[in-house]
J.: 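Structure in structure tokens, see below.
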Amino acid sequence: MTHRVLIADDEPNIVISLEYLMKRAGYEVSVARDGQEAIDAIRRERPQLVLLDVMMPKKSGFEVCQELRADEALKGTLVLMLTAKGRDTDIDKGLGVGADAYMTKPFATKDLVAKVAEMLGAAK
Amino acid sequence: MLPAPLVIGVAFAYLSLLFAVASFGDRRARQGRSVIGNAWVYALSMAVYCSAWTYFGSVGRAASGGVWFLPIYLGPMLAMILAWMLLRKMIRIARAYRITSIADFIASRYGKSSALAGLVTLITVVGLVPYIALQLKGIAAAYALMTQSAGAATGSAAPWWTDSTLYLALALAGFTIVFGARHLDSAERHEGMVAAIAFESLVKLLAFLAVGSFVVWGLFDGLGDLFAQAQAVPELARLLTLGQGKTFAYEQWFALTMLSALSVVFLPRQFQVMVVENVDERHLKRAAWAFPLYLLLINLFVLPIALAGLLHFGAGADAEGFVLTLPLAAGHAGLALLAFVGGLSAATGMVIVEAIAVSTMVCNDLVMPMLLRTRRFRVAQAAAGSDLTGFLLAIRRAAIVAILLLGYLYYRLAGEAYALVGIGLISFAAVAQFAPAMLGGMYWKGGTRAGALAGLGAGFAVWVYTLLLPSFAKSGWLGRELLANGAFGWELLRPEALFGLKRLDYLTHSLFWSLLANAGLYVAVSLWRAPSARETSQALLFVDVFKRTAAAGPVFWRGRAHVADLLPLLGRFLGVQRATALFEDYARRQGVARIEQLQPEPQLVQFVETQLAGAIGSASARVMVASVAEEESLDLDDVMLILEEASQLRAYAHALEEKSRSLERATAELRSANEQLKSLDRLKDDFMSSVTHELRTPLTSIRALAEVMRDDAEMPAEQRQEFLGIVVGETERLSRLVNQVLDMAKIESGHAEWHNSDVDLRMLLTQAVHTTEAMFRERGASLSLQMPQTVPTLRADADRLMQVLLNLLSNAAKFVPAGDGRVELRLDADAAGVTVSVSDNGPGVPVGQRALIFEKFRQGGDALSRPQGTGLGLPISRHIVEHFGGRIWLEPDTAQGACFKVWLPWQASSRDADRSTGDQT
């Protein structure tokens, strides 16, 4: 079964790299460029996992996550938060709003792919 | 004509009513709900000044001398209205040092001298005896009028044991004892008595007004009718003029006014109600006008009644009885009885208060000091350790009886010589002798004990010689030769014309000589010798009473004492319970739990002495305390030292307050500075966080793409090229960012280097256009340049200015629409400075972001269409521009697009350009 993955990030170059990685790993990929687009895309396409950047215009990653968790239909979506902010407070906040995992940029591509596979594998 | 039993019965009933009011007042005082803590009661109590003199004497005086009854009341009115500040000081002193009588006041001021206390008491007793006699005479005459037919003589020829006046005197003594000498109060407060006095002031005023109204509107048809009828009779018309048919005697009028003004303060009964019984200093303000008003009211009908009486009964009638005889003649017995009660009230009020005041003086200031001098007494008391309160009480009661009997004696001996008013004036002249010593004592620190003794002694002697002896002579108890020929036959020493001064009447004459001798000797002797240490310390305490509070005042006492001695001492005179209560209260105020723990410091000794003074007078209190303590005698230097210490203490306390206030201010400042630092710290934190974010973002792409390329050997070449291009681009972005962050940090911390030179602005702008040419061409946008022909040079760092220009231009280039972009670069110069504007026809800056664009890491537009940038360009530009004293801003009202302006002054006052490191020309 092909999993659908949504990439939500406002930096075009990062989107390019993530898209390539996910496609190479064999997932179906869609892209959102800001927080509102991300919510709409999740509602529309129901991906299994979202690669969620924190610093986005319109809605931040934290807000998107909160909305997801508040929504009955979307509660089960897996969320992997990505951000360049690495303070302990930010990590706690991310996990607090309900992210399933949190990775700081820059990340190792191997680690990212492995993590995504783990999360999707466990959720089967 | 009324039956005697009725009159006596009414009199007793009224006096019992007064007693009932007094006990009510006492009871409420014990419960703590005082009835006399009221300015009206205070003012009414002062009206005890109006005695039988007012009721009977004034009318008599008016009948013979017209308006000459007035000065006696004008004086007090003036004194109250003009001199209430003086009274306030007197009250303050009395409260602070527990003064209980005039003798105590004077004695305390001049070094707690028992000699002075005794002298003042003596003068008071002798001086007041005539006044008491006057009251007795008044009541006796009134009684006679009420019970016998008008015209019968009120003879004192009957043997004394049948004289009803004697029994009257004894009865009054009894009442006085009941009112004021049932128990000892250390503050000499008699709340019940004050309540009764206020009540009787009302009664006598109402009674007099009632009779007056009856006479004016009952017997005649109003004031107009009365005066018209009086004018018709020549002798009466004369009464209505000031001169009385002769030239106006100014000096007599003046003397009488001044005399009565003094008397309203220095009569013992006035001092008692005004100063000793005063509850609250602030009541004085109301009393200052209420009491004169009372005097005005009670004197309204004096002249009308006198005229009516003369018209009715003809000249030669006993004018002093008009208040009673007029209603009686008109058949209104009830009104006459009311007037009798009023007169009785006035007389008894005066007698009671005066007798109480005088007995206090006699006990505290005459008898006690004498007793303390006798060793036998002291030894007996010390050994027995007994309670002296009963003993003190007995002395007072005896004094009351004695004074009244003396009054009766004078009445028998000399009462016929003068009319009532004349007798009263003699007493006034006696108490007027206190004026120099008291007034001088309150305002002049140089007055000494010797001076006061000399002045008082001399004044008293002159008074006796010029007023008292003549009154005896005129009654027949002394030879008349004295009056006619003078002492030892010397004409110059004639009592009523001393040293040939014949023009004055006897009273003015006496007043003149006695006050002259008094004041003269007081000043002269005071100046002759310097005051002793104790006199100086007391003088300071009295004259400067408003400057010191009791708590912070200097204590002029050195020595050692034991609480175990002081407590029983106080107990002997105040009662053990009360003394213990006082000590406990004192201990509590010092913050000490038990009495035994009290330290025997000077403050405690002074406290005990002050409390004791309330019971036995300052002079005796001094002696008693000295007997139980080991004192060091103070000399003048010690006094000055103590004074200096006290003022130093005050200065230190003040400085301490100032210090603590400035400390508070400093703490507040520190707190706000701390807050500022914290917020700056937060800002720095945010900055660091933003910087790391900005740095990590390009790093993410670089790493990810590099790893992808490494792991995928099979990647198509196109894809690889694309990715590598991105990597290179991101690296460039990264280094740009790093440079800018470093730049920003250097500028903000002040470590940047500024290389100033004379910049040719035209050249600079041209160069900027050139540099950005390629960028604009790429975007398909046009850049136009507008400059004046000549522009003065600007002293600035050329590279930095270029940085700003490039920043603005590249921003403009980024945001103009592709293909159709137009950017204009303009230079304007005026006298103050130069303005550079960069305008574009792009989308402009949204209103919500206008304030934010100059902040770090904020970029215009949204991220999707955001061109490459660090977000630090504008903040750095702003720092640079402001460093040169200029301003950079976004024009607020552009129709379309954005217009950034930079203004730089030719000479900036806040320019730190020349303060920077390095200054190359």
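Reckoned from all heavy atoms, side chains included, excluding hydrogens, waters and symmetry mates. Quick note on labels: first sequence line is chain A, next is B, and so on, each numbered from 1.
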J.: Go through it in stages, so that I can follow the logic: the residues are Asn13(A) and Glu730(B), the test is side chain to side chain contact (heavy atoms under 4.5 Å, CB included), and I'd like the CA-CA distance, side-chain angles, deciding distance and then a yes or no.
T.: CA-CA 9 Å; Asn13(A) 293 333; Glu730(B) 291 294 77; 3.1 Å; yes

J.: Work out which heavy atom in Asp712(B) is nearest to a heavy atom in Arg24(A); give both atom names and the distance.
T.: CB-NH1, 3.8 Å

J.: Side chains of Met55(A) and His693(B): closer than 4.5 Å at any heavy-atom pair?
T.: yes

J.: Kindly check if the number of other-residue, nucleotide or ligand heavy atoms within 6.0 Å of CZ (Arg710(B)) is above 12?
T.: yes

J.: Are Glu11(A) and Arg733(B) close enough for a salt bridge, meaning some N to O gap below 4.0 Å?
T.: yes

J.: Could you go through Leu705(B) and Tyr20(A), starting from their C-alpha distance and side-chain angles, then the distance that decides it, and tell me whether this counts as side chain to side chain contact (heavy atoms under 4.5 Å, CB included)?
T.: CA-CA 9 Å; Leu705(B) 292 174; Tyr20(A) 188 87; 5.8 Å; no

J.: What part of Leu21(A) is in contact with chain B, defined as an atom under 4.5 angstrom from a non-hydrogen atom: side chain, backbone, both or neither?
T.: side chain

J.: Has Lys59(A) got more than 12 heavy atoms of other residues, nucleotides or ligands less than 6.0 Å from its NZ?
T.: yes

J.: Using every non-hydrogen atom in the two residues, find where Pro106(A) and Arg703(B) come nearest and quote the distance to one decimal.
T.: O-NH1, 3.7 Å

J.: Looking at Ser17(A) and Ala704(B), what are the two nearest heavy atoms and their distance?
T.: CB-CB, 3.7 Å

J.: Look at Ile702(B), Thr697(B), Leu695(B) and state which one has the largest set of heavy-atom pairs under 4.5 Å with chain A.
T.: Thr697(B)

J.: At a 4.5 Å cut-off on heavy atoms, which part of Phe107(A) comes close to chain B: side chain, backbone, both, or neither?
T.: both

J.: Can you find a heavy atom in the side chain of Thr83(A) that is under 4.5 Å from one in the side chain of Arg696(B)?
T.: no

J.: How far does CG of Asp711(B) sit from OG1 of Thr109(A), to the nearest 0.5 angstrom?
T.: 5.0 Å

